[in-house]
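Contents: one structure, followed by commentary.
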Amino acid sequence: MPQKASSKGSAKPARKPAAKKLYGKTAPRLWTPPLRPLNRHTSHGYELASFAELIGEPLLPWQRWLAIHALELAQGGGYRFRIILVLVARQNGKSSF
């Protein structure tokens, strides 16, 4: 019969869980390109992403992309889009967005 190894002195150091690898693409197949380069002055999406991190719920890459593009500002200062259509498969973070 094989003998069991003693657990004394053979304790393995605790390992940090590996970061979950994300698959897929951030940008969708079909979307409306921005009128100008998007930055903190031309989109409120950056503020949304910063706030989500502040409260401990960071956005997934596709959610961050959506926020930045959906909250694009028009030249007059209002939002560019009045209606935003988002189609996302099940269990991908629609509710948390």
**Request:** Calculate, to the nearest 0.5 Å, the distance between atoms CG and CG belonging to Leu30 and Leu87 respectively.
**Result:**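 So the CG of Leu30 and the CG of Leu87 are separated by 10.0 Å.
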
**Prompt:** How long is the gap from CG on Leu35 to CD on Gln75, to the nearest 0.5 Å?
**Reply:** 7.0 Å

What pairs meet the salt bridge (Lys or Arg N to Asp or Glu O under 4.0 Å) rule with one or both residues in [range], with sequence neighbours excluded?
{"range": "residues 72-83", "value": "Glu72-Arg80"}
{"range": "residues 25-37", "value": "none"}
{"range": "residues 85-97", "value": "none"}

Test of understanding: with side-chain contact (heavy atoms from CB on, under 4.5 Å), list the residues that count as partners of [X], not counting sequence neighbours.
{"X": "Ala52", "answer": "Leu59"}
{"X": "Ile55", "answer": "Phe51, Glu57"}
{"X": "Leu71", "answer": "Ser43, His44, Leu48, Tyr79"}
{"X": "Pro28", "answer": "Trp31, Trp65"}

**Message:** Closer than 3.5 angstrom, by distance alone: can the side chain of Trp62 be matched with the main-chain N or O of Val88 as a donor-acceptor pair?
**Reply:**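 No, because the side chain of Trp62 does not come within donor-acceptor range (under 3.5 Å) of the backbone of Val88.
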
**Complete:** Hits for side-chain hydrogen bond (donor to acceptor under 3.5 Å, both in side chains) against Gln91, two or more places apart or cross-chain, chain-then-number order -> none

**Test side-chain hydrogen bond (donor to acceptor under 3.5 Å, both in side chains) applied to Ser96 - qualifying residues, sequence neighbours left out** = Gln63

**Prompt:** Got a sec, which residues hit ring pair (Phe, Tyr, Trp, His ring centres under 6.0 Å) with Phe81, two or more places apart in sequence or on another chain?
**Reply:**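 Testing Phe81 for ring pair (Phe, Tyr, Trp, His ring centres under 6.0 Å), a comparison that skips the adjacent residues, returns none.
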
**Asked** Which other residues belong to the hydrophobic cluster containing Tyr46, where Ile, Leu, Val, Met, Phe, Trp and Tyr are joined when side-chain heavy atoms lie under 4.5 Å apart, directly or via other members?
**Response**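 When side chains under 4.5 Å apart are linked, the cluster holding Tyr46 also contains Leu38, Ile68.
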
**Asked** Tracing side-chain links under 4.5 Å among I, L, V, M, F, W and Y, which residues wind up in one group with Ile83?
**Response** none

